[in-house]
Amino acid sequence: MNKNLGYFTNGLIKENPTLRLVLGTCPTLAVTTAAINGIGMGISATIVLVCSNLAISLLRNIIPDKVRIPAFITIIAGFVSVVQMLVKAFLPSIDKALGIYLPLIVVNCIILARAEMFASKNPVLPSVLDGLGMGIGFTAVLTLMGAIRELFGAGTLFSLPVTSEFISPMIIFLLPPGGFFVFGMLVAASNAIAKRSGKKPVEHLGCASCPSRGICESANITEKEEAAENE
Amino acid sequence: MKDILTAASSPHILHPDTTRGIMSDVVIALAPAAVYGCILFGWQAAAVLAVCIITAVASEFLWNLALKKPQSVGDISAVVTGLLLGMNLPASIPLWQAAIGSVAAIIVVKQMFGGIGCNFANPAIAARIILLVSFPGSMTKFTEPVSDIVTSATPLAAESGTYTLKSLFFGMHPGSIGETSAFLLIVGGIYLLLRRVISPVIPLCFIGTVAVLSLISGEDLAVSLFGGGLMIGAIFMATDYTTSPTTALGKAVFGIGCGIITFVIRKFGALPEGVSYSILLMNILVPYINRYTLSKPFGFIKPSKEETANG
């Protein structure tokens, strides 16, 4: 049971997908102009992540190795379509705010990375817990970023006025430069915290962690070279 | 006797120029235009300049203190950044916004990238753009000189013929605190040239390109040259050592690029003024300009093709 709990908490802090693995940067920067958008995006991605991890873990012995990426994408796309239709039907305002980024969860690299690195190699329960932990970690960071950008950029928090009535907000926080700035500050803060608690900061993860290393020629070349060197 | 026999490592010949000396020269060169801006726009302008300089110096001091770095306030570069930023702001800007600009210039643009000599963009320019994007309302509200009448149009946005050549050249028109008087800025520039602090290549190429393009396209030449931030930008901000190319050819490319971007933004863009954006964009290109305009070492012989192929 303890090990299972470890799979779950792994994604929350130690391997937080956005701040520690630096995955899913595109939706992170694009949708976090308001805290509520961060929650919406995070929960949608979490649902897809848990479902796709579950399905891929179940099918891990059936999917042929050579076509696994298309197979993963097909499974993920199926769940994204379901989530997209549900959001459109029941939460139209979130659908409008997230726009194209909701269907683009299909190519969210967190989901593909977890499918490739974890779900395709592990049994069902750990895969689901891993998906849930990663998803919640992603949601937490998106919400935090959305809250920071909304507070400074619009003076509101979850659309409730905080400082907007007496200070004119800095619009730059709602624009792409502000997004990159807040993201950089959060990564720096998480690195500083990790350093204090004795963990390594984010470094170049290399080909070994890349979800497409199986089909990438240059990755294979470097692996072969390394193997030759080791001999 | 002991002094003579002490063997120190190179360099053995020291030039009397110091960062502090150069920065003091820049402050002296900027002073007339800044004082004139205070006369033109009143105590508000003086307050904006004071807040910008004090916040910039305080930010640098506190950053060094917090990160336990050697104290660099003494080189006066923070004073120059604060003064330049203040001169690029309208006099009516709320003081806390001016202070945010100074903090952004020193902490975000300069110190986070490694302090003096390591910043990728001119701190004052970047901070001005941060403020322009963040507070478009207060950054485009200019006052008429020697009165409190608020107007939104600098000569660049006003109808042509509103201002005479004389009022444009000597600065009797709305604008940022320090950008209005082309005459005093040019005087400051000549002082810097005589003191050998800046080279004339960037300002001449920058201003010349804008002048030529304005003439060709039939713009009002006096307004293009003296009506906006071209003079302060070309003389004082584009010539920043850290963010401009090192060779004369590179400087020419840099200046012409700034001129073209300024003209294109003014003529075709949605903004009336493009000097700050043009300098920022060219700042980012400086490493590439430097790489392609390397000067040839003395006695350099170009290797023949065969040698390159074999080597």
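Bear in mind that the values here come from a model prediction, so they are computed numbers and not experimental data.
- Contact annotation for Pro177(A): neither backbone nor side-chain heavy atoms come within less than 4.5 Å of a heavy atom of chain B.
- In Met185(A), the CE atom is crowded: over 12 heavy atoms of neighbouring residues, nucleotides or ligands sit closer than 6.0 Å.
- Within the 4.5 angstrom heavy-atom criterion, no atom of Leu131(B) approaches chain A.
- For Phe152(A), the CZ atom is loosely surrounded, since the number of other residues' heavy atoms within 6.0 Å does not exceed 12.
- Using a 4.5 Å cut-off between heavy atoms, Phe181(A) touches chain B through its side chain atoms alone.
- Enclosure of atom OH in Tyr241(B) by more than 12 non-hydrogen atoms of other residues, nucleotides or ligands within 6.0 angstrom is indicated.
- Within a 6.0 Å sphere centred on NZ of Lys267(B), heavy atoms belonging to other residues, nucleotides or ligands number more than 12.
- Annotation: side chain of Ile171(A) is in contact with side chain of Pro136(B) (closest heavy-atom distance under 4.5 Å).
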